Structures are given as structure tokens and as C-alpha cells.
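Here's the structure, in C-alpha cells; my notes come after.
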2 protein chains.
Amino acid sequence: MMSNQNKIPQATAKRLPLYYRFLNNLHIKGKSRVSSKELSEAMKVDSATIRRDFSYFGALGKKGYGYNVEYLLGFFRKTLDQDENTPVALIGVGNLGTAFLNYNFTKNNNTKIEVAFDADKRKVGKSIGDIEVHHIEDMEQNLGDISVAILTVPVSEAQNITDRLIKAGVTGILNFTPARITVPESVRVHHIDLAVELQSLVYFMKHYPLENEE
Amino acid sequence: MMSNQNKIPQATAKRLPLYYRFLNNLHIKGKSRVSSKELSEAMKVDSATIRRDFSYFGALGKKGYGYNVEYLLGFFRKTLDQDENTPVALIGVGNLGTAFLNYNFTKNNNTKIEVAFDADKRKVGKSIGDIEVHHIEDMEQNLGDISVAILTVPVSEAQNITDRLIKAGVTGILNFTPARITVPESVRVHHIDLAVELQSLVYFMKHYPLENEE
DNA sequence: TACTTGTCGTGAAATTATTCACTTATTCAT
DNA sequence: ATGAATAAGTGAATAATTTCACGACAAGTA
Ligand SMILES: NC(=O)c1ccc[n+]([C@@H]2O[C@H](COP(=O)([O-])OP(=O)(O)OC[C@H]3O[C@@H](n4cnc5c(N)ncnc54)[C@H](O)[C@@H]3O)[C@@H](O)[C@H]2O)c1
Ligand SMILES: NC(=O)c1ccc[n+]([C@@H]2O[C@H](COP(=O)([O-])OP(=O)(O)OC[C@H]3O[C@@H](n4cnc5c(N)ncnc54)[C@H](O)[C@@H]3O)[C@@H](O)[C@H]2O)c1
């Protein structure tokens with residue numbers, strides 16, 4: 001079962017949480033049946049890609065019928081380990097960090113920020129979105145066994161904090177700073193570079209003109 | 001005046017703003033020469049990929065020497081149209097929207113949020129990060145000829161606001177809502193789905209141990 | 001000058017991802 | 001029951017991207 005899991009293409013794996021959320025929404029709306037075509041229109045992913053993605057996990061649907069929403073949802077809940085909660089730490093309670101604390105990824109989601117750190121004493125001791133802000137100096141004492149961190153500190157602090165996080169046992173970092181941080185092979189980093197995203201959107205608009213109106 | 005054939009691969013185009021920012025930083029630091037290997041280590045992009053990416057624009061380097069930082073930077077400045085400013089509108093001045101307004105993508109960047117809209121009268125009339133917040137009802141009157149929008153409204157409003165943006169002439173949207181919005185062929189949407197990013201990081205940590213990607 | 005070193009640019013190979021298009025199982029209407 | 005419609009699952013084709021690995025050439029050195 002586990003060796004099978006490793007065979008799933010990364011591109012597929014990245015879409016799984018999206019599938020899960022849409023199925024959950026369909027389930028909440030009371031829909032019991034759905035086709036790859038419907039999913040395709042809702043999620044803007046080609047229907048063949050959806051069928052292909054699902055097929056890596058076996059035959060989850062029925063020919064001529066489609067997919068049973070509840071069954072599929074249950075399958076993905078297990079696959080995405082939605083039953084165990086994953087605690088997350090947030091470092092840097094500034095503009096972005098505060099936004100994340102207030103939002104806290106609560107809906108359809110097993111991830112939750114459980115602790116936050118900042119270097120600014122005016123922020124320490126406060127609670128934002130029910131999460132207490134600790135001083136960064138006490139990070140190691142307050143991390144517990146959390147292995148996932150969201151990094152929203154100034155770029156100049158990014159590598160230094162990263163090193164400390166890794167020493168403290170963190171193995172996954174969602175990095176919002178523009179720094180391309182250096183980590184050992186055993187640590188996974190996903191970069192979300194908002195300035196790059198905006199610039200690249202503008203570049204595509206200018207250089208890859210799209211068809212006009214359907 | 002623009003857009004030669006779609007010669008440049010999309011994967012390459014997405015990395016261009018990253019290259020630009022790093023070159024700019026090197027230039028500021030007074031570095032005049034750089035190799036693909038150095039760039040690779042700093043940006044965590046394979047050196048062959050960097051050379052390949054650059055080569056789509058011609059022979060920008062010198063064998064045995066590397067790249068001249070100033071020349072390369074100037075080249076990408078033109079390529080990325082860094083000399084013309086691109087005004088951006090932000091819709092939804094909530095947690096995320098406020099963070100973006102305060103930050104405003106100012107450094108090394110030709111994009112700037114110039115106007116913001118919200119439905120909440122308590123927010124209208126205020127200025128955040130020097131950007132005035134207008135009422136969403138007056139959006140069309142205050143958009144001017146802005147063609148890029150950042151969407152940070154509640155998911156339930158996403159499609160409705162999108163339709164209005166497009167009618168008002170917007171052709172590019174950076175969508176932070178979980179909604180997969182429907183747009184005509186002529187409009188480009190980049191989705192940044194933060195909950196999906198976090199969940200997918202966790203999935204990769206659990207199922208792809210000891211490998212690094214991106 | 002001649003030799004050594006460094007590094008680009010790029011064909012070719014490898015890998016990864018998407019899409020086509022067809023077979024087959026199932027449902028549904030009559 | 002029967003036939004038409006539907007839609008999954010998938011082999012094969014195609015497309016996109018990355019990576020290998022090497023020839024060529026500039027720069028530095030003695
Ligand atoms: N806000 C945005 O819209 C935006 C957009 C793109 C990128 N970013 C990046 O995200 C990061 C955060 O941005 P922001 O706007 O929230 O910045 P911010 O300055 O508002 O917040 C940074 C926070 O980190 C804290 N901090 C500083 N040093 C620290 C340390 N050593 N340990 C712990 N906390 C420390 C500060 O006290 C502050 O609260 C930055 O790297 C920025 O470049 C932000
Ligand atoms: N904040 C996060 O960390 C986070 C993370 C992931 C996704 N998101 C998504 O980003 C979006 C914004 O999140 P947020 O936390 O900033 O939400 P928020 O509720 O804090 O902000 C939404 C803002 O939009 C305004 N608004 C409501 N209806 C509007 C309308 N019709 N026109 C204009 N403005 C309108 C509200 O007044 C509010 O100020 C949401 O769709 C959310 O799902 C946010």
C-alpha cells in the first residue's frame with residue numbers, strides 16, 4: 001500500500017487537496033453522484049486528467065455512472081490523512097502572519113496553526129485568532145513536536161530562523177519570504193512567492209495573449 | 001510591438017521574475033559577474049535549467065566566464081517590461097487584502113496596487129498603505145484602465161465580482177479565494193490556493209519522505 | 001605562446017505530465 | 001428485455017520539462 005503511494009506523480013499529489021475540498025463541498029450540498037466532466041467544469045482541470053489522477057488509486061468510479069461522492073470523499077479522507085490533525089507553527093506575526101492566524105485554515109482542513117512566534121515584544125503575549133504569540137527566543141521550548149512551520153518573517157531572518165526550526169525538528173516549511181532557504185535533503189520546503197506570482201501573471205498577460213471570447 | 005510566438009516555455013516564463021529579482025540583488029551588492037552554478041545555489045534551480053532558460057533569449061553569457069550581471073539584468077528588465085508600471089486593483093480589504101496593501105510589492109517590482117475596494121462601509125474612505133479604499137458599488141467608476149486585479153473577497157462573492165471585473169476590462173486576476181472562477185478565454189487567472197498549498201506540503205511530507213523538489 | 005581551467009550553449013536522452021480516443025461496463029428510458 | 005446513452009478506465013500518442021554530458025571557446029596563467 002505504501003509502495004503504491006510513492007508511485008503517484010507529484011502533479012497528481014498537488015491536486016489531491018483540491019479534489020478533497022470540492023468533494024467535501026458537494027457532499028455538504030447533498031450531491032451523491034458526480035462525473036469527471038462535472039468535476040472538470042467546477043475545478044478547471046481536464047476531465048481526462050481527473051480520471052487519470054483517480055485511477056492511480058484504483059477503480060474508484062463506475063462506468064456509465066460516475067463517482068459516488070460519499071465513497072470518493074471517504075477514500076480521499078483516508079488518503080490525505082484527514083482524520084489525524086496536523087499542528088502547525090507560524091513564525092512572524094506581521095501583515096501576512098496575522099492574516100493567517102485570523103483565518104487559520106479551519107474549513108475542510110486538518111491543519112491548524114497551534115502556536116505563533118515573533119521577535120516584537122509588543123506582540124508577545126497577545127492572542128490572535130485564539131493563538132497565543134510567544135517570543136521567538138522561547139521557540140524551542142514551545143514548539144512541542146510540531147513538524148510543520150509557516151515562515152512569514154522578514155527576508156533577512158529567513159535562513160537563521162529556518163536553521164533553528166530544523167534543529168528543533170521541523171521537517172516541512174511553507175516559506176512566504178522571497179529567500180530561497182537552504183535546508184537538508186530531509187526537509188521539504190514549498191515556496192510561495194507572492195511578488196513572483198503577481199509579476200508572472202503580468203508577464204503572461206503581455207506575452208501570451210489568449211483567444212478572444214468564446 | 002510585442003509577443004513573438006509563444007516560443008518560451010511556460011515553466012521558463014514563471015521563473016523569469018525570480019531570476020530578475022536575484023540579479024537585481026546581486027547588482028545592488030556590487031557583483032558584476034555570476035555563473036549558472038552560483039545562481040543555481042542561490043535560487044535552488046538546477047544550473048542546466050537556468051542555462052536552458054536563458055538560452056531561449058539567445059546567447060547571454062560567455063563561455064568560461066559566466067554572465068555579466070548588469071547586462072543580464074538590463075536584458076531581463078526589458079523582457080519583463082520593468083520600465084512600464086503596471087497598476088493593480090485589490091478587491092476585498094480583509095485579512096489578506098490588508099496585508100497586501102501594507103506590503104504593496106514595492107521592492108524590485110513594477111507592479112503596484114493603486115486602488116482598493118470593499119463592501120464594508122467601515123473600511124470605505126480609509127487609506128491603508130496609502131491606498132484609498134472605495135466602495136465596491138463604485139468599482140467601475142474608480143477602476144480607470146486597470147487590467148490586473150487581486151481577488152481577496154469571501155469565496156461566495158468571487159464569481160460575482162469576477163464577472164464585474166471582466167465587464168470593466170480586467171484581463172488578469174490573481175485569485176486567492178478557493179473558488180475556481182469561470183472566465184472567458186481572453187482572461188488569465190492564476191489561482192493561489194493557500195489551504196491547498198499547506199495541505200499538499202503535509203501530504204508530501206508524509207508520503208514522499210527524504211526527497212526534495214521544486 | 002601554450003596550457004589549463006571554467007563555463008556556456010545545446011543536442012539528445014530521460015522524465016514527467018497531459019490528452020486523445022477507444023473499449024467496456026453500467027444505467028436508464030421505453 | 002432491449003437499445004441508446006453515459007462515463008470510467010486506460011493504452012498509446014503527444015507534449016512539456018528537466019537533466020545529462022560534451023564540444024567549443026574565453027579567460028587566466030606561466
Ligand atoms: N505582506 C505581503 O503582502 C507579502 C507579500 C510578498 C512577500 N511577503 C514576505 O512575507 C514576509 C512577511 O511579510 P509581512 O508583510 O508580514 O512582514 P512584516 O514586517 O509585517 O512581518 C514580519 C514579522 O516578523 C517579525 N520578526 C522579525 N524578526 C523576527 C525574528 N527573528 N523572529 C520572529 N519574528 C520576527 C516582526 O516583528 C514582524 O511582526 C516577508 O519576508 C515578506 O517579504 C509579504
Ligand atoms: N486569510 C487567509 O489566511 C486566507 C487563506 C486562504 C484563503 N483565503 C481566502 O482569501 C479570501 C479572503 O480572505 P480573508 O481572510 O482576507 O477574508 P476576510 O473576510 O477577512 O476579508 C474579505 C473582505 O472582503 C470584503 N467583501 C465582502 N464582500 C465583498 C464584495 N462583494 N465586494 C468587495 N468586498 C467584499 C469584506 O468586507 C472583507 O473586508 C477568502 O476567499 C479566503 O477564503 C484567505
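In the text below, chain A, chain B and the rest are named by the order of the sequence lines, each starting its count at 1. Because the structure is a prediction, the values reported are computed rather than measured.
Rounded to an integer number of Å, the gap from CD of A:Q10 to C1' of C:dT18 is 16 Å. The NZ atom of A:K14 sits 11 Å away from the P atom of C:dT18 (whole-angstrom rounding). Whole-Å rounding puts the B:F54 CZ to C:dG9 P distance at 9 Å. Spacing between atom CG of B:L60 and atom P of C:dT7 amounts to 17 Å, rounded to whole angstrom units. We find that CD1 of A:I50 is positioned 16 Å from C1' of C:dC20, with the value rounded to whole Å.
Judged by distance alone, with hydrogens and angles left aside, the side-chain atoms of A:R21 form no donor-acceptor pair with the main-chain N or O of B:A195 at under 3.5 Å. Listed for the A:N110 side chain is no donor-acceptor partner under 3.5 Å among the backbone atoms of A:T86. With hydrogens and angles disregarded, no donor-acceptor distance shorter than 3.5 Å links the side chain of B:D53 to the backbone of B:T12.
With rounding to the nearest 0.5 angstrom, the CZ atom of A:R51 is 9.5 Å from the OG atom of A:S35.
With a cutoff of under 4.0 Å to any heavy atom of chain A, the contacted region of DNA chain D is bounded 5' to 3' by D:dT6 to D:dA12.
Contact between B:L143 and B:A168 at its shortest, heavy atoms only, is CD1-CB, 3.6 Å.
Residue B:R51 places its side chain closer to C:dC8 than to any other of C:dC8, C:dT27, C:dT19.
Of the two residues near DNA chain C, A:T12 and A:K63, the one whose nearest nucleotide lies more 5' is A:T12.
A salt bridge does not link A:R52 to A:D46: none of the charged nitrogens lies less than 4.0 Å from a carboxylate oxygen.
For residues 25-46 of chain A, proximity to DNA chain D is found at A:S35, A:S36, defined as any non-hydrogen atom under 4.0 angstrom from a strand atom.
Counted within 6.0 Å of NZ on A:K37, heavy atoms from surrounding residues, nucleotides or ligands total 12 or fewer; the atom is thus considered open.
You'll find a donor-acceptor pair under 3.5 Å spanning the side chain of A:R52 and the base of C:dT19, going by distance alone.
In this structure, A:E70 has no salt bridge (Lys or Arg N to Asp or Glu O under 4.0 Å) partners at least two apart in sequence or on a different chain.
Checked against B:Y67 for a ring pair (Phe, Tyr, Trp, His ring centres under 6.0 Å), the options B:F76, B:F54, B:Y19 give a single hit: B:F54.
Contacts of B:Y67 with the nucleic acid, taken as non-hydrogen atoms under 4.0 Å apart, involve only primed sugar atoms and P, OP1 or OP2.
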